[in-house]
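This one's a predicted model, so the numbers in the text were calculated from it and none came from an experiment. So that the names make sense, note that chain A is the first sequence line, chain B the second, and so on, each numbered from 1.
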There are 2 protein chains.
Amino acid sequence: MIRQQLLMPSPEDLADFLNRHTRSRDCLVQVAGLAEVTYQGRAASTADVGTYLVVVKQDGSLQIHHPTGIKPMNWQPKTDSITARVDEDVCMLLASRRSPEELVQVVFLEPQMALALELAQAGGFVLRGSEAEMQQTLAEHPELIEPGLRVLNRELMVESGGIDLYARDAQGRYVVVELKRGRATQHAVSQLARYVRSVEGKLPAKAVVRGILAAPSITTPARLELENRGLEFREVSALPQATAAAGGPVAQPSLFD
Amino acid sequence: MIRQQLLMPSPEDLADFLNRHTRSRDCLVQVAGLAEVTYQGRAASTADVGTYLVVVKQDGSLQIHHPTGIKPMNWQPKTDSITARVDEDVCMLLASRRSPEELVQVVFLEPQMALALELAQAGGFVLRGSEAEMQQTLAEHPELIEPGLRVLNRELMVESGGIDLYARDAQGRYVVVELKRGRATQHAVSQLARYVRSVEGKLPAKAVVRGILAAPSITTPARLELENRGLEFREVSALPQATAAAGGPVAQPSLFD
DNA sequence: CGTGCCAGGTGCCAT
DNA sequence: ATGGCACTTGGCACG
């Protein structure tokens with residue numbers, strides 16, 4: 001499972017190690033030690049000499065971590081080429097990609113450890129509580145939004161974007177539903193209003209189009225703007241324990257009952 | 001620099017190792033091997049048994065990586081508690097936080113390697129080309145947006161959000177400028193329109209308020225909506241090579257000349 | 001704290 | 001490739 005490990009490798013050994021294991025594309029490679037990092041692309045950055053952890057995964061993705069924080073200090077989601085070479089008696093790692101043209105360069109001043117790991121066995125991964133799941137549940141049970149609602153489309157594309165749920169209510173009025181898995185903000189209200197306008201533009205002039213924002217909660221400014229625009233809010237939770245955690249008796253049926 | 005390393009540790013040894021080194025808060029801890037991972041919080045997930053790399057940084061942040069991709073499979077940006085314990089002859093890692101209430105649980109079925117690294121030396125980090133930098137440059141050189149422009153405020157807060165640059169033009173008209181460091185989208189147009197409306201609402205009824213979207217480029221739909229709404233686009237680049245890379249002679253002075 | 005918004009956002013999926 | 005958008009977004013700044 002440990003393919004290879006080097007302690008305090010020489011620049012040449014490290015470059016060999018990196019080139020060999022990143023090219024084989026079958027193991028996760030990391031180097032820890034004193035280094036300098038520069039990046040140039042959509043933005044540009046420089047990291048002074050410090051101790052960092054460089055990780056290159058099988059797919060060529062690169063991340064460079066400093067001691068704290070969830071996000072890497074520098075990274076490269078996809079690389080067109082990863083190359084190590086020795087220059088002026090230090091090992092350098094160059095990770096580049098086109099489109100956008102970006103380059104991350106690591107200068108290993110004092111590499112302490114290099115490690116190649118096989119992470120061979122892949123396991124299935126399932127995420128629940130996404131907006132996609134919410135959408136599916138509500139498409140199958142539109143009564144959770146409102147009695148008598150009939151869903152006509154999911155992800156209906158209009159000029160201004162995609163409408164999560166397009167429906168008609170018990171009175172035959174068209175309804176645009178915008179879903180949010182988390183607290184709805186002004187951004188969601190903007191989206192909903194845009195979609196309602198788009199739909200109104202496509203229907204006969206007098207047609208009434210309702211807009212419903214369906215989310216577990218909504219920010220106060222969003223609620224105000226929503227009401228100003230004559231749009232509606234409907235509370236729906238993305239996960240079962242979300243309502244349970246709220247403490248009180250569930251005010252409405254959970255999507256997961 | 002390698003504080004400690006274990007190969008194929010027993011559940012007890014691994015639990016000790018994790019508890020000791022995560023509590024000391026002075027090194028980066030990782031475990032690689034066969035494991036199962038579950039997460040419950042804002043959403044919920046399960047990862048079947050597979051080979052993963054678990055990383056706990058000094059600040060208690062947790063990330064669990066699968067063999068590919070820049071993003072961790074599971075993570076926890078901040079943890080209120082990280083604890084390892086042996087249960088039914090396997091080592092389990094529990095990382096929890098409140099607000100939001102979230103729990104990541106790792107069951108180490110076959111830990112292959114555990115490693116504690118000191119990343120002691122911190123180096124300075126500088127990022128260039130951010131929107132904040134753009135804003136500063138344009139506030140100091142508003143003529144890059146338009147001759148005769150005078151900036152009144154930066155980050156002026158109005159009801160609907162913060163206006164990047166608030167200015168008056170050569171004719172004395174008020175100007176709302178929205179900046180984007182990358183290609184501007186419909187979202188940016190919505191923002192700009194909201195801010196212009198807010199400003200119009202605060203000024204005497206007949207006051208003309210211009211809205212300018214300043215960005216290196218703009219999507220076609222955004223451009224259409226911008227023009228529909230009577231707003232304007234101004235090309236500005238966030239980085240010097242952005243215009244240079246564009247190839248032709250620079251159509252306007254770079255922010256970095 | 002909530003609210004808003006940038007980010008080298010990344011990733012997914014549509015045309 | 002362009003475009004729109006969700007994301008356990010994360011992160012910061014500000015009322």
Discussion item. Starting the side chain at C-beta, find the nucleotide from D:dT8, D:dG3, C:dG8 nearest to B:N74.
Written reply: D:dT8

Discussion item. Taking only the P atom of each, what is the distance from C:dG4 to C:dG8 in whole angstrom?
Written reply: 22 Å

Discussion item. I want to confirm an ordering. Mapping A:Q186 and A:R97 to their closest nucleotides on DNA chain C, which one lands closer to the 5' end?
Written reply: A:Q186

Worksheet item: Among A:Q63, A:R97, A:Q76, which one satisfies side chain to side chain contact (heavy atoms under 4.5 Å, CB included) with A:V104?
Response: A:Q76

Practice prompt. Grab the CD-P distance between B:Q135 and C:dA7 for me, whole Å please.
Written response: 10 Å

Discussion item. Strictly below 4.0 Å: does A:R181 bring a side-chain N or O up to OP1 or OP2 of D:dT9?
Written reply: yes

Worksheet entry | Spacing of the P atoms in D:dG4 and D:dT8 (rounded, Å) | 22 Å

Discussion item. Of the options C:dG4, D:dT8, D:dG11, whose atoms approach the side-chain atoms of B:A43 most closely?
Written reply: D:dT8

Worksheet entry | A:T220 side chain, from C-beta outward: closest of C:dT10, D:dT8, C:dT3 | C:dT3

Worksheet item: At under 4.0 Å between heavy atoms, what does B:P221 touch on the DNA or RNA strands: base, sugar-phosphate, or nothing?
Response: sugar-phosphate

Response to the item:
A:L156 CG to D:dC5 P, in whole Å, measures 13 Å

Worksheet item: Under 4.0 angstrom, heavy atoms only, what part of the nucleic acid is B:R194 near: base, sugar-phosphate, or nothing?
Response: sugar-phosphate

Practice prompt. Take atom C1' in D:dT9 and the same atom in D:dC5, then report the distance between them in whole Å.
Written response: 12 Å

Worksheet item: Just how far, in rounded Å, is C1' of D:dC5 from CG of A:L179?
Response: 13 Å

Practice prompt. Tell me which of A:F125 and B:T219 sits closer to the 5' end of DNA chain D, going by the nucleotide each one is nearest to.
Written response: B:T219

Worksheet item: In whole angstroms, how far is the P atom of C:dC5 from the CD atom of A:Q191?
Response: 14 Å

Worksheet item: Do the ring planes of A:H65 and B:H65 sit parallel (below 30°), tilted (30 to 60°) or perpendicular (above 60°)?
Response: perpendicular

Worksheet item: Can you tell which of D:dC5, D:dC7, C:dT10 lies closest to the side chain of A:Y195?
Response: D:dC5

Item to complete: Ignoring backbone atoms, test whether B:W75 places a side-chain nitrogen or oxygen under 4.0 Å from the OP1 or OP2 oxygen of D:dG10.
Response: yes

Discussion item. Less than 4.0 angstrom from a charged side-chain N to a carboxylate O is my criterion; do B:K180 and B:E178 meet it?
Written reply: yes

Worksheet item: When rounded to the nearest Å, what value does the distance between C1' atoms of D:dC7 and D:dG11 take?
Response: 14 Å

Practice prompt. Look at the side-chain N and O atoms of B:R98 and state whether any lies under 4.0 Å from the OP1 or OP2 oxygen of C:dC1.
Written response: no

Worksheet, complete the sentence: Output for pair (A:T185 OG1, A:E225 CD), nearest 0.5 Å, gives 10.0 Å

Fill in: Whichever of B:S99 and B:L127 has its nearest DNA chain C nucleotide further upstream toward 5'
B:S99

Worksheet item: Between D:dG10, C:dT10, C:dA7, which nucleotide gets closest to the side-chain atoms of B:S130?
Response: C:dA7

Worksheet entry | Value in whole Å for how far the P atom of D:dC5 lies from CD1 of A:I163 | 11 Å

Practice prompt. Answer yes or no: is there a donor N or O on one side and an acceptor on the other, between the side chain of B:R181 and the main chain of B:G129, under 3.5 Å?
Written response: yes

Practice prompt. Figure out the CD/P separation between B:E131 and D:dC12, and round it to whole Å.
Written response: 17 Å

Discussion item. Under 4.0 Å, heavy atoms only, any strand: does A:E178 hit a base, just the sugar-phosphate, or nothing?
Written reply: sugar-phosphate

Worksheet item: Of the nucleotides C:dG8, D:dG3, D:dG10, which one has an atom closest to the side chain of A:K71?
Response: D:dG10

Worksheet entry | Rounded interatomic separation in angstrom, taking CZ from B:R183 and P from C:dC6 | 18 Å

Worksheet item: Whole Å only: how far is the CD atom of A:E155 from the C1' atom of D:dG3?
Response: 14 Å

Discussion item. Is it the case that atom CZ in B:R197 sees more than 12 heavy atoms from other parts of the structure closer than 6.0 Å?
Written reply: no

Practice prompt. Mind checking the OH-OH spacing from A:Y166 to A:Y195? Nearest 0.5 Å is all I need.
Written response: 14.5 Å

